[in-house]
Structures are given as C-alpha cells and as structure tokens.
Amino acid sequence: MNKPWQSYAQHILDNIAKLRRIQSRGNLAHDEILYDAALRNLQTLSEATQMLPDDLKQEYPQIPWREISGFRNILVHNYLGNIDPLTIIKVMDQHLYPLEDCLKDMLEKRSES
C-alpha cells in the first residue's frame, strides 16, 4: 500500500526543520558530523520529493523538481565524498525556504478541497 502524498510532503517539511536545526549548531564546512547529518537529511528530502504526484508538482514550476531529484542521485552515488560543503550550505540557504513555502501551500490547498 502506498502512502498518501501528504505524508511525503510532511516528511520533507520535517527534514527542512532538521536541516535548520543542524545549521544552527555550527558551520557545516568545519564540522563533519553536522555536514554528514545535513547530507543525510538532504538525501531523504530529495528522495521524498520523488513521491509527490507529478501533476501537483507541475502547479509549482518555480521549484526545480528535476534538479532536486538529480541532487539526490549525486548525494547517494558520490562515493568519493568530494561534494563541496560550501555548495551544500548554499543549497540549504537558497532553496529550503521556497520549497518549504511550496509544500505548505500544497498541503493547505489540498486540505481546503
């Protein structure tokens, strides 16, 4: 049995909250434990976006859904560990708020109908 998309949307929001808590604890570029925690949560977040319905995602073209999915593949398959921490910080700083706003809007609109 598949979970409803709302469960995945909430899971993404939970990951965003965790990522913010991780960032508040220190600099990811200088703390490998925080960096690893951020990578894991970004991976989980990216994977969960793949479970959202395509027709729903099409209503939010400002969100780079395909890139988020591709980012998951980079995180999972980059075994050499040469992902740049500054890039990860930039992704978190620039993309979490728009994604969070989008997901909240999705959930709010669907709960009203």
Asker: Is Tyr97 linked to Leu52 within one hydrophobic cluster, defined over Ile, Leu, Val, Met, Phe, Trp and Tyr using a side-chain heavy-atom separation of less than 4.5 Å?
Answerer: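 No, Tyr97 and Leu52 fall in different hydrophobic clusters.
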
Asker: Determine whether Met51 and Lys3 satisfy the following criterion, side chain to side chain contact (heavy atoms under 4.5 Å, CB included), listing intermediate values before the conclusion.
Answerer: CA-CA 9 Å; Met51 304 306 289; Lys3 290 182 184 179; over 6 Å; no

Asker: State plainly whether one hydrophobic cluster holds both Leu103 and Leu56, where clusters connect Ile, Leu, Val, Met, Phe, Trp and Tyr through side-chain heavy atoms under 4.5 angstrom apart.
Answerer: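 Linked, Leu103 and Leu56 end up in one cluster.
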
Asker: Less than 4.5 Å apart, any side-chain heavy atom of Lys90 and any of Asp84?
Answerer: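 The answer is no; the side chains never approach within 4.5 Å.
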
Asker: What closest approach, in Å, do Pro85 and Tyr35 show between heavy atoms, and which atom pair accounts for it?
Answerer: CA-CE1, 3.5 Å

Asker: Hey, what do you get for CG (Leu96) to CG (Leu13), rounding to the nearest 0.5 Å?
Answerer: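 One finds 10.5 Å between CG of Leu96 and CG of Leu13.
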
Asker: Starting from Leu39, can I reach Ile33 by hopping between I/L/V/M/F/W/Y residues whose side chains sit under 4.5 Å apart?
Answerer: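 No, no single cluster joins them.
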
Asker: Which atom names give the shortest non-hydrogen contact between His11 and Thr44, and what distance separates them?
Answerer: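 Closest approach of His11 to Thr44, heavy atoms only: NE2-CG2, 3.0 Å.
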
Asker: Looking only at heavy atoms, which two atoms of Asn41 and Ala37 are closest? And how far apart?
Answerer: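 Scanning both residues completely, I find the closest heavy atoms to be ND2-O, 2.9 Å.
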
Asker: With rounding to the nearest 0.5 angstrom, report the CG to CZ distance, Leu45 to Arg40.
Answerer: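 These two atoms lie 11.5 Å from each other.
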
Asker: Quick one: pull up CG in Leu42 and CD1 in Ile74 and give me the separation to the nearest 0.5 Å.
Answerer: 12.0 Å

Asker: For residues Met92 and Leu28, determine if any side-chain heavy atom of one lies less than 4.5 Å from a side-chain heavy atom of the other.
Answerer: yes

Asker: I need the Gln23 CD to Asp93 CG distance, nearest 0.5 Å.
Answerer: 5.0 Å

Asker: For residues 63-70, please give each side-chain donor-acceptor pair under 3.5 Å, one per line with the distance, not counting sequence neighbours.
Answerer:
from  : atom 1 : to    : atom 2 : distance (Å)
Trp65 : NE1    : Lys57 : O      : 3.1
Trp65 : NE1    : Tyr60 : O      : 3.1
Ser69 : OG     : Gln50 : NE2    : 2.8

Asker: For Asn27, check side-chain contact (heavy atoms from CB on, under 4.5 Å) against everything at least two apart and list the hits.
Answerer: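 Scan of Asn27 (side-chain contact (heavy atoms from CB on, under 4.5 Å), adjacent residues dropped) gives Ala29, His30, Ile89.
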
Asker: Would you say Glu47 and Tyr8 make side-chain contact, with heavy atoms under 4.5 Å?
Answerer: no

Asker: Any side-chain heavy-atom pair from Ile88 and Phe71 closer than 4.5 angstrom?
Answerer: yes

Asker: Quick one about Gln10 and Asp14 (side-chain donor to acceptor, distance below 3.5 Å, no hydrogens or angles considered), yes or no?
Answerer: yes

Asker: Kindly check if the number of other-residue, nucleotide or ligand heavy atoms within 6.0 Å of CZ (Arg25) is above 12?
Answerer: no

Asker: Can you tell me how far CD of Glu108 sits from CG of Asp101, rounded to the nearest 0.5 angstrom?
Answerer: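 Rounded to the nearest 0.5 Å, the CG-CD separation comes to 11.0 Å.
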
Asker: Measuring from atom CZ of Arg110 to atom CG of Asp105, what distance do you get when rounded to the nearest 0.5 angstrom?
Answerer: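 Result: 10.0 Å between the selected atoms.
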
